[in-house]
Amino acid sequence: MIASLAAEGQRTKPAPFGHALATLAETRRDIVGMTADLGKYTDLHIFGKAHPERYYQMGMAEQLLIMAAAGMAKEGFTPFATTYAVFAARRAYDFFCLAVAEENLNVKVVCALPGLTTGYGPSHQATDDLAIFRAMPNLTIVDPCDALDIEQAVPAIAAHNGPVYMRLLRGNVPLVLDEYDYKFELGKAKLLRDGRDALIISSGFMTMRALETADLLRADNVQVGVLHAPTIKPLDEETILREAGKNGRMVIVAENHSVIGGLGEAVASLLMRAGVRPSSFHQIALPDAFLDAGALPTLHDRYGISSAVMATRIKSWL
Amino acid sequence: MVVAPSAASAMPFVPLSVDQLREMARINRIDCTDMYMAAGNGHFGSSFSCAEILTALYFSVMRVDPDNPEWADRDRHIFSKGHAAPTVYSALIRRGFMPAQWMQEFETKVGVRLMTHPSRRYQPGLDLSTGALGHGLSVGVGMALAAKMDRKDYRVFVLMGDGEIHEGSVWEAGASAAKYKLDNLVAIIDRNGLCVDGRAEDVMPMEPLKQRWEAFGWETFEVDGHDIPTLLKHLDVPRSGGSGKPRMLIAKTIKGKGVSFMEDVRGWHADVITPEQYACVMEELKEPLP
């Protein structure tokens, strides 16, 4: 049973990535699905059932997975290769960097268990994937928030010519953004709500948490804006600078990643370079540590990425 | 005889005879020596050990078109042992993919087109940028799978060093190529027996190598990597109606082959060449190897 991020009673959609890719492949003959014995746990099995002739099981061999995808991309196919984020980032880095990114090949690496989305401990918690991948030239990095975001990101990254790393939420994925007149655009950050007191810039499921946090703080008459930045690289500098510079409000970056090397540091350096000064700047992120194993809700509380803890911390900073 | 670089593109290419291939391997070694002399040092040993293999591929076996390097139906070659780049540069230049004058600039200054490791960004005719070892066979698997999906009859040749096969990724590729019955994939191990730190078998024992690949499901042959007729016979796999198995050639070679003071000498993995040594090399390479 796959642990879901969804709260009890929350609306969800099953396997949005697998369904979106299967649908896309009906019109795009170049789409290929490949996995390293994690088809079931990356929702790629949905694609595999729909298009068995374009589904490749490469075994528990992430180096091969990434490079065989490179070979297919060289011949004009658009492979979507799936595994867990830890294996793509830590184990296959050299192969990804040189065989795929250096040649700017059309390989889409889609990885489950980004950041703290499993309680299995450091072997499966990719708290460092953004830090690792942000330094890879040519690579586009996407961190969607919910089922809608994933559904829309799949055709968008397929249409992009070049390598993409996408962090994947799998299984029954929460559905949140459809209430916000939202549409995923590669490279664009979207302001979901405005607020005079603070702005949370976030990616991945932390945008969902940011929205929940804003609701909690509204009860205390604290107005919090939420800017969703699902494309980590290239960052939507224009939108971030515009929103972060508005009326000198507090800026908080919330991310499901180590405090080192992820969205928070990317935004901080952008603001410094551009001379944009919020009234204060804070990071909500995972600590620079190997995290504990256990139940996810407990871990999210412990490491400060649950909405309740976020709301308390933001109030203390105001 | 010397084949003029421009001749290949001016008229339909005729595969070279065995004698002409031996002469081309001689030219290949001279080209490498000239490039390394210009640069001040180079990977002589591993360049010389695969001269006959590359010559057989580019001047007889492979279906390529220098006027159209990205021709969709071309046979692919991945030079996975990228450290010996000048030997593939020589083959590409003599086959007409690149101008001969590029050789004179090898590694001499910033901005030249030929450098220590092959790069598709600068050099036409390559199918993969290489240099980091252990990449080629896995990428070759993807290309061979793509050929099967596209129902195309091109073949994929991957040349690896025998130190390179210490990399686990090579064996990941080996298992998958057998699983997907990639009889359009031919891998060659340049088994010259020497690594940076010593004898390949001391650095990491890999024998019995033939049995290992056979056990993986590959059609495996041990061949003399300097014997051109043998190479031609085993490299030229059928374009259709194949064996259903990927093919592995374990090519027994000698590092530094053709130059007496370099042959099977560990120091010549990568070394500086003096003008006196250069003269000796040219003297020894006056005639094709028998």
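The structure displayed is predicted, hence computed values, not measured ones.
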B:Lys179 portion near chain A, given a 4.5 angstrom heavy-atom threshold: side chain
cation_pi(B:Arg95, B:Phe13) dist<6.0 Å, angle<=45: yes
Most chain A-contacting option - heavy-atom pairs closer than 4.5 Å, from B:Ile78, B:Val141, B:Leu137, B:Asp150: B:Asp150
CA sep, side-chain torsions, deciding dist, call: B:Ile189, B:Trp213, side-chain contact (heavy atoms from CB on, under 4.5 Å): CA-CA 11 Å; B:Ile189 295 173; B:Trp213 284 98; 3.7 Å; yes
Contact class of A:Val32 relative to chain B, heavy atoms under 4.5 angstrom: side chain
B:Arg239/B:Asp73 salt bridge by N-O under 4.0 Å criterion: no
Atom group of B:Thr130 that falls short of 4.5 Å from chain A, counting heavy atoms: neither
Flag, side chain of A:Glu62 to backbone of A:Phe87, donor-acceptor distance under 3.5 Å: no
Top contributor to chain B interface from A:Arg29, A:Gln57, A:Met60 [non-hydrogen pairs under 4.5 Å]: A:Gln57
Main-chain N/O of A:Pro114 paired with A:Asn256 side-chain donor or acceptor, under 3.5 Å: yes
Portion of A:Ala99 that has a non-hydrogen atom of chain B nearer than 4.5 angstrom: both
Derivation and outcome, side-chain contact (heavy atoms from CB on, under 4.5 Å), residues B:Arg63 and B:Asp153: CA-CA 11 Å; B:Arg63 182 174 73 190; B:Asp153 71 351; 2.6 Å; yes
Chain B contact via A:Phe95 - which portion, at a heavy-atom distance below 4.5 Å: both
